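Computed over heavy atoms, backbone and side chain alike; hydrogens, waters and symmetry mates excluded. Because the structure is predicted, anything quoted here is derived from the model rather than measured.
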Amino acid sequence: EFSIKVAGISGIYKHHDYQRGIYEKEPFTPKTLISIYHQREYDVLKLRMLEEPIDIFMSHDWPDIATQYGDYKSLIRLKPYFKKEVERACLGSPALSFLAETLNPGCWFSAHMHCRFTSNIPGRRKQLTNFVALDKVLPHRSYLELMRVEEVDGKKYFSTIPHEQLSPVESKSEHTVELKFDPEWLAVTQVTLPLLPACFICSFAKILGSDPSYFKHINPDTKYTTPKELEILLAQKSEIQSKITNEQLHVPKAFT
C-alpha cells in the first residue's frame, strides 16, 4: 500500500508569544486577533514527538535555516530588504528549523515571504529535505508546485514536474485516494492534551531541552540538564498508539 504522511503547523514565529499559553478566546481584542496566529512551543512539542518518517511537511512561515542551504544571493536580489535577516540566518522561524532538522521530512512547503525559493536542508534521518517556498497566489506568480512521488525499495523520492511537462495521463490518477488519520498523531494528541496551556505563560522548554539541538535554534545561551519528561511522554504515546485499530483511522468522504 502506497501512502504519504503529511504534517504541518500554522502561524508565524514571534519570540514574545512563542512560550505563552493558548489563552486567546472570544471576544477577541485587536491584540489577540494577531497573537492567536503566532506559533507556540506547545505545538512544537507535539510535532517533536513524531518519530515515524514524514513525507510532506507544510508551514506558513519558513524554517530560518532554509536560506543557508539555497541560492540566498538570488533571494536577496529579488527581495533586498531580506538581506540583514538572511545574513543573520533569522529569516523565518527558529522553531521550524528545529523541526526541519529533527523530523527531516522528504519535502517541506512554505509560503509567507511572497516569493519562490528552494533549498535542501540536511537532517537527522540522513536525507535532504526538499524545501520549496511558494509565491503569493496572483497571476504569473509561482504559487503552484507539481510534485512526483516515487517509492523505490521503501524509500520515497520527490521531484518537481515542470508545468509544461504535465501530460493528461499524469493529471488523472487511476488509483483511489483515501484519507486516514495518522495513529501516531492521534496518540500524541491524547498524551499532550492534559498539557494544553490555557494560561498566559507556559513554557515546555525543559521537555524540549532534552533535545540538544533545540536551544541551538531557540536560545543558544540557555543550558538545561537532560530531563526524562520527553522520554516519559514518548513511552505513553507508544502505549496508546498500540491500542488504535485501523478501523478508527478512516476519514469519511463527506466530512465537514
Side-chain angles (χ1 to χ4, degrees), residues 1-11 21-22 39-59 63 95-109 121 123-129 149-158 175-198 202-214 217-218 224-256:
E1 181 182 70
F2 182 79
S3 63
I4 295 176
K5 183 170 179 172
V6 182
I9 185 173
S10 62
I22 304 172
Q39 294 165 1
R40 302 298 160 88
E41 195 172 41
Y42 173 72
D43 298 310
V44 173
L45 167 65
K46 292 170 67 177
L47 288 164
R48 167 61 186 89
M49 291 176 63
L50 295 175
E51 298 176 285
E52 298 173 5
I54 295 172
D55 300 309
I56 296 173
F57 197 96
M58 295 186 292
S59 66
L96 296 187
S97 292
F98 166 70
L99 290 175
E101 288 188 351
T102 53
L103 300 180
N104 198 192
C107 197
W108 186 305
F109 291 101
I121 305 172
R124 292 190 183 175
R125 296 185 183 276
K126 307 302 181 185
Q127 69 174 1
L128 293 175
T129 293
V149 185
E150 298 176 295
E151 188 171 33
V152 180
D153 297 328
K155 183 176 176 60
K156 294 187 179 73
Y157 296 89
F158 299 82
H175 303 285
T176 301
V177 177
E178 181 182 4
L179 292 177
K180 288 186 176 181
F181 294 110
D182 178 58
E184 186 181 24
W185 181 248
L186 294 180
V188 166
T189 301
Q190 184 170 337
V191 166
T192 57
L193 184 59
L195 302 176
L196 180 65
C202 190
S203 175
F204 296 92
K206 287 191 176 182
I207 299 177
L208 285 163
S210 63
D211 195 316
S213 69
Y214 181 64
H217 294 291
I218 305 300
Y224 283 111
T225 56
T226 302
K228 296 294 183 182
E229 287 93 335
L230 183 59
E231 294 179 16
I232 293 171
L233 290 174
L234 291 173
Q236 293 173 343
K237 178 203 71 172
S238 297
E239 182 179 356
I240 293 171
Q241 185 176 346
S242 66
K243 299 176 182 178
I244 297 175
T245 63
N246 192 56
E247 289 73 22
Q248 295 173 291
L249 305 178
H250 176 69
V251 177
K253 291 185 178 180
F255 69 94
T256 56

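For E178, the side-chain hydrogen bond (donor to acceptor under 3.5 Å, both in side chains) criterion is met by H250, not counting sequence neighbours. For the side chain to side chain contact (heavy atoms under 4.5 Å, CB included) test, residues two or more places apart in sequence or in another chain that qualify with L128 are N120, P122. Applying the side-chain hydrogen bond (donor to acceptor under 3.5 Å, both in side chains) rule to Q236 yields no partners; only residues at least two apart in sequence or on another chain are considered. Applying the salt bridge (Lys or Arg N to Asp or Glu O under 4.0 Å) criterion to K243, with sequence neighbours excluded, gives E239. Under the side chain to side chain contact (heavy atoms under 4.5 Å, CB included) criterion, V149 pairs with F2, I4, K156, F158, sequence neighbours left out. With sequence neighbours excluded, the residues forming a side chain to side chain contact (heavy atoms under 4.5 Å, CB included) with T245 are E247, Q248, listed by chain and number. D182 meets the side-chain hydrogen bond (donor to acceptor under 3.5 Å, both in side chains) test with K5; sequence neighbours excluded. Residues satisfying the side chain to side chain contact (heavy atoms under 4.5 Å, CB included) criterion with Q190, sequence neighbours excluded, are I240. Y42 is linked by a ring pair (Phe, Tyr, Trp, His ring centres under 6.0 Å) to F204, counting only residues two or more places apart in sequence or in another chain.
Here CD of E151 is found 10.0 Å from OH of Y157. Values are rounded to the nearest 0.5 Å. Taking CD1 of I22 as the start and CZ of R40 as the end, the distance is 6.5 Å to the nearest 0.5 Å. Within the model, atoms CG of L47 and CD1 of I54 stand 7.0 Å from one another, a figure rounded to the nearest 0.5 Å.
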task = Check the pair L230, R48 against side-chain contact (heavy atoms from CB on, under 4.5 Å), reporting the backbone distance first and the verdict last.
result = CA-CA 10 Å; L230 183 59; R48 167 61 186 89; 4.2 Å; yes
Test log, rule side-chain contact (heavy atoms from CB on, under 4.5 Å), inputs L186 and T189 = CA-CA 5 Å; L186 294 180; T189 301; 5.6 Å; no
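Under the 3.5 Å distance criterion, the side-chain polar atoms of K237 are matched with a main-chain donor or acceptor of M49. Between the side chain of Q241 and the backbone N or O of P183 there is no donor-acceptor pair closer than 3.5 Å.
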Without placing hydrogens or testing angles, list every side-chain donor-acceptor pair under 3.5 Å for residues 97-106, not counting sequence neighbours.
unit_1 : atom_1 : unit_2 : atom_2 : d
S97    : OG     : D64    : N      : 2.8
S97    : OG     : D64    : OD1    : 2.4
S97    : OG     : I65    : N      : 2.9
S97    : OG     : S93    : O      : 3.4
E101   : OE1    : K216   : NZ     : 3.3
E101   : OE1    : H217   : NE2    : 3.2
T102   : OG1    : F98    : O      : 2.8
T102   : OG1    : L99    : O      : 3.4
N104   : OD1    : R125   : N      : 2.9
N104   : OD1    : Q127   : N      : 3.4
N104   : ND2    : Q127   : O      : 3.0
N104   : ND2    : T129   : OG1    : 3.0

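For V188 against K46, the heavy-atom pair with the smallest separation is CG1-O, 3.4 Å.
At a threshold of 4.5 Å between non-hydrogen side-chain atoms, the residues I244 and F181 do not count as touching.
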